[in-house]
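Below: one structure, written as structure tokens.
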Amino acid sequence: MAMAFDPVREVARRLWSCGLCKSVAFSVFLLILGIESIILIPSAYNFQRNALQLLEQRAMTVMQSVVLAEEALAQPRELEQLLRKVQRNNPILALSVRRSDGATLGGTGDTDFSDFAIDEVLRGRRDKVDRLTLGGTCYDLAWSAAVSGERLVFLARMDSSHVNSELLAFVLRIAGLVALIVAVVTTGTMVVLYRSVLSPILRLRRSILGAAANPDHADDYRIRERPQDELGEVFQAHDEMLTRLAESKRADRLRAEERAHFLARHDPLTGLPNRDFFLEHLRQALSAACQREENVQVLVLNLAGFSAINDALGQDVGDRVLIEVARKLNQGISAGQFAARLGGDEFGIASTGSVSPAQVAEHAERILAEIELPLVIEGNEIRPRGRIGIASPSTGCVEGETVLHDAELVLSRIRSDARARYQFFSPEMTREAQKRQEIERELRQALKRGELQLFYQPKVALTQGGAEKAFSACEALIRWNHPRHGWISPGQFIPVAEACGLIAPVGEWVLREACAQIRRWLDAGLAPPRVAVNVSAPQFRDPRLPELVRGAMADAGVDADLLELEITETAAMEDVALTVAVLSTLKRLGVHLSIDDFGTGYSSLSYLRQLEIDSIKIDKSFVDDIGRDSNADAICDAIIQLGHSLGKRVVAEGVETHAQAEFLRLRRCEEAQGFLFARPMPAAEFADRLRRYA
Ligand code: C2E
Ligand code: MG
Ligand code: MG
């Protein structure tokens, strides 16, 4: 059962649990006790003194009556009778009357006062002596008085036993009074303490604890009703402190919220708005443009080869490049434009207004020109290269995500094209992207299901007149035998594989399969020619490539002499320093190296000289026009001469006519590959040819 609230009990409980109150009250208690004790001692002494004085007066009065009976003093018998009578009527135990020489005139009771200092009185040095004896129960007195011209000494032993008990009663009475005073004063002190100290302190404590637990709303805990004393001042200071605390907490929270809001919407490295903020802005810009019938343009900029900068010079340098690019973008934007870092090395610029595609292109050119200016970071000269995907919907009434996605789609398309700088989005790109996604999904399956196959296209030696049917080498060309679409050419799926990263497993499969095929031909007793394998740009940049090549040859037990790697000129020229290093590593393995599609990649002579290659392959587009376009003739001629001047063999691909073959043979082009000699064919057919021409 719940106990009813008892305020007295509650106050007592609080007082009892208040250490401060207890110590103050206890001190008061001890103090009063001490004072009262000090007062009690002289009071008790006075009380006793007064009681004894009464006895003394009684004894003297009694003796006065004896002295008045002068005749009795002369008669010892009468004197004694008188003394006995007096003793009977008074609290007197003994009486004695003596002469000044000490002779006793008369006495009654036990008159042995031998141990009492009566000599003093006898000799007249003092008029009176007294003492308490026998444990305070007897009070002895001796005094002198002149009676009829003679000095007599009177001795009296008074019964003082009542004095002790009266004294005890007096002390007890006083002690009781003291206890009462102590109790009343202590209780009073505690009550006053409770009201004026403890209660306010407890209130203060509640407020401090509340404010500490909820500092953001500390001012809710202010104590508005204040006592008019020093504690009142404490309360006031406390309230001011809480107000300040709450204000500072609110300011802190506001700052933290602003900071969090800023961080949530900005990129910490460059300080530019982030992707979320960009999209938020884009949505607003599009909705405004939709109402005003204006256009919005989204440019997505990406840094080509940024990961190479990161890898070669470290992430700190990479970060500095990003910061610089961000700074330039931010400085370059005008009113109505918005720049953001969308992630990694991708930046976005959104602008509103009705502008022509030519103006947007000009804007893109300006951005690229600005960010491609060389940077010097930690002593390294860096030339960032940019690419821009542009989405410029004809109306603003579209989704922000869609526009951004379109611009990014353009970027992903031009990523593999080293020459592309910017491009506009077109709706076909979406369809193509969907198709590419489908190819990507199916290509993963194709790898697992063994739908990929290598065809082999012979290369023939042109300079060994008439020996065109003998294969000097061959090129392994991948094919995809799709369960629904039949044979798919690499031109359709290799770029997809390159873009989505699938080129790594596909390329490895090609390399291993080509080596395994050489091994199978060797095991079948055939003499296969050198087999050329195409290496894509991403594969070529992969530092694991040399080890992969070495492993594939070792696993199949194939000589390096039987393997050739073809790298397209554009891939080779992407990063010449890297190409020089990778080719030199590959060369050390002993494999043949050639530059494919030569003439399309704008190689400079000085670069070409540095590359450790064995041959260059004239691109089919030039061979196609031999005999039809004098420029093509001149280019083919020049490439052959260039190759020879560098000591390289020259191969022509896509040779379809005798005229082309003759033209090339006359210019001492060493090898040719093309439908004129043979189309790419399955390994079994190629083996048949090998047997036939062996
Ligand atoms: P590529 O390395 O320049 O290969 C030569 C292409 O020209 C082959 O096309 C070949 O079939 C074709 N060709 C050869 N002679 C003639 C001719 O006389 N007339 C015509 N019209 N075409 C001829 P394919 O097999 O479609 O390969 C296209 C490209 O795909 C290759 O160009 C190469 O870059 C890439 N590729 C092929 N297989 C692989 C591979 O296994 N790995 C990689 N990374 N790329 C490959
Ligand atoms: Mg090739
Ligand atoms: Mg080629």
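Counting starts at 1 for both ligands and their atoms, following the listed order.
In this structure, H482 and W480 have tilted ring planes: the angle between them lies in the 30° to 60° band.
For the residues V535, L452, V510, the heavy atom positioned nearest atom 41 (O) of ligand 1 is part of V510. Considering F675, F455, F677 only, the shortest heavy-atom separation from atom 17 (C) of ligand 1 involves F675. Residue nearest to atom 35 (C) of ligand 1, selected from G674, A497, P490, P538: P490 (by heavy-atom distance).
The existence of a salt bridge linking R520 and D523 is excluded, since no basic side-chain nitrogen approaches an acidic carboxylate oxygen closer than 4.0 Å. The pair K328-E372 does not count as a salt bridge, with every side-chain nitrogen at least 4.0 angstrom from each carboxylate oxygen.
Atom 20 (C) of ligand 1 has as its closest protein heavy atom K620 CE, 3.0 Å.
Under 4.0 angstrom from ligand 1, the non-hydrogen atoms of V655 all belong to its backbone. Contacts with ligand 1 closer than 4.0 Å are made by heavy atoms of both the backbone and the side chain of S536. By the criterion of a heavy-atom distance under 4.0 Å, the side chain of R479, and not its backbone, is placed next to ligand 1. The part of E475 lying near ligand 1 is the side chain, judged by heavy-atom distances below 4.0 Å.
At the Mg ion (ligand 2), the angle from OE1 in E566 to OD2 in D596 is 80° when rounded to 10°. Computed with the Mg ion (ligand 2) at the centre, the N534 OD1 to E475 OE2 angle is 90°, stated to 10 degrees.
Side-chain contact, D345 with N302: a donor N or O sits under 3.5 Å from an acceptor N or O.
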